[in-house]
Amino acid sequence: MPQQRLARPEPEIPPARPVLADDPPRFLLLEREVEIEYRPQMLAALQSKVDAFAATARGTAPACPQCGQPMRCQDTREVSWLARCGCLHAPVARYRCPPCRYECRPLLDLLGVEPGRISGALARLLALLATVAPYPLAARLAWLLLGVTVSPMGIWRVAQRLGEAAAHHTDALSRYHADSRSIGAPTQSAPSAVVLGVDGCNLGMQVRSTRRRRKAGETLPPLPPVEEGRFREVKTGVLLLPSERVETSPGRRSVVRRFLVTCLGDADAIFARLYAQLRELGWVGAHTVVVIVGGPRGYPAEWIWNRTSMFVRCCEILDFWHALEHAWEFAQLRYGEGSAQADRWVHEIAEDLRAGKVQEVIARLQRVRPKTPELRESLQALIRYYSENAGRMRYDEYLRLGYGIGSGAVESAHKQIVHARFRQAGMRWSEAGARRLLALRLLLLNDNWALLDRLRMVSLA
Ligand SMILES: [Zn+2]
């Protein structure tokens, strides 16, 4: 090898090292200069607005929310918090109701800031970065995009406080709509059909309840592999309207709108969320057919079918590709893995199923004479599966009605919510951490990020 490299003829002109400009373009420098120059002025302007607001709020004693009596001013202390242009401060009065022992600081509530913490727009922007990137990368982005120095832990803290607020709101909404007296959006223009799908996967959970702390110079041993029982299932639900499916290119369909829900919980929890979202949208009227697609990737579909009775009119569809997977299993056993014959056989089944001929397919399977007990067992399982699900395999009809026949939409949504942020190499989650970040990620993907402006950050000890 070295001889070969030596033997290669060198070009006559030596290569030139790539050239870097000595300075950034002038305009870039001007922009940066202005930013540095005006930041103190922005801080001063913001501080004077805060002062003016604090002055108007001064001197009015609030009434105790428990007994209605006017509260007594206990003391006034200087409080500061962090914003994008720097540290703000205000004198904050603490009120107390002696009989109830209830205390409050109304100015902080009105401003929506927390003592000593990152607050306001900066908090929301940092949480946004945490929603799309792992915490250390989000901290680097914060510096590059916002010119703010913050540690990964600082980003984590902000995401937890806003995430808790978002998660709490979603929980409350699904509890509210679980009550029959809840008021949803008007349903007079409810669509004739809504498609609903559910998918799930496992998240690796943290084994320890506390974080590991590194002492100076010490290298931590690698984390042990995730054990059995250290996983939690995270589920995603998708809602979309068949009428809004458009064919972007032949055979490729995409949806204009879709609404996503997610939870770290059981089937009842995800269905409660789907139901709450349907109520919020006003999508289920007296005549709406709820189309439920079940069974992506060998996913136990029973818990989906067991819950369809909550909808008055519904249409259950067994995921077409999942139905074919079962045929594949038998075909490979019969004709050998990767054989052209198996390919052809499954292709024929697929054509017939797509044409709605599930009964013909079952009859044909029953005429097959398997040669070994193993084959016989596999064939019987396939026949049983198709017979049990025949009512969910009227694919010609579903295609004609525009319902679709696969769970591709929910699978891709699930990947976007969960895989892209939660299943990167070596990631482990705490229950609360995953729940809060999921809530934030959902706001972003549902194009509902602005909701955070109307939620109060939750102080966490
Ligand atoms: Zn009171």
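Values below: every heavy atom of this structure, side chains too, minus hydrogens, waters and symmetry copies. Ligands are counted one by one from 1 in listed order, and the atoms in each one are counted from 1 as well. Since this is a predicted model, take the numbers as computed values, not measurements.
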May I ask you to check whether Thr308 and Glu316 show a side-chain donor-acceptor distance below 3.5 Å? yes
Before accepting this row, confirm whether a basic side-chain N of the pair Arg435/Glu164 lies closer than 4.0 Å to the acidic partner's carboxylate O.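 Yes, this pair counts.
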Distance-only donor-acceptor hits, side chain of residues 25-47, under 3.5 Å, sequence neighbours excluded:
| residue | atom | partner | partner atom | Å |
| --- | --- | --- | --- | --- |
| Gln47 | OE1 | His89 | N | 3.0 |
| Gln47 | NE2 | Asp51 | OD1 | 2.9 |
| Gln47 | NE2 | His89 | O | 2.7 |

Quick check: does any side chain N or O of Tyr395 sit under 3.5 Å from a backbone N or O of Gly404, one acting as donor and the other as acceptor?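 No, Tyr395 side chain to Gly404 backbone: no donor-acceptor pair under 3.5 Å.
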Option among Glu280, His177, Arg175 that satisfies the side-chain contact (heavy atoms from CB on, under 4.5 Å) test with Ser182: His177
Could you pull out the N/O/S protein atoms under 2.8 Å of the Zn ion (ligand 1), ignoring any water?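 Result, waters dropped: Cys64 SG, Cys67 SG, Cys97 SG, Cys100 SG.
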Nearest-0.5 Å distance that lies between atom NE2 in His322 and atom CE in Met393: 10.0 Å
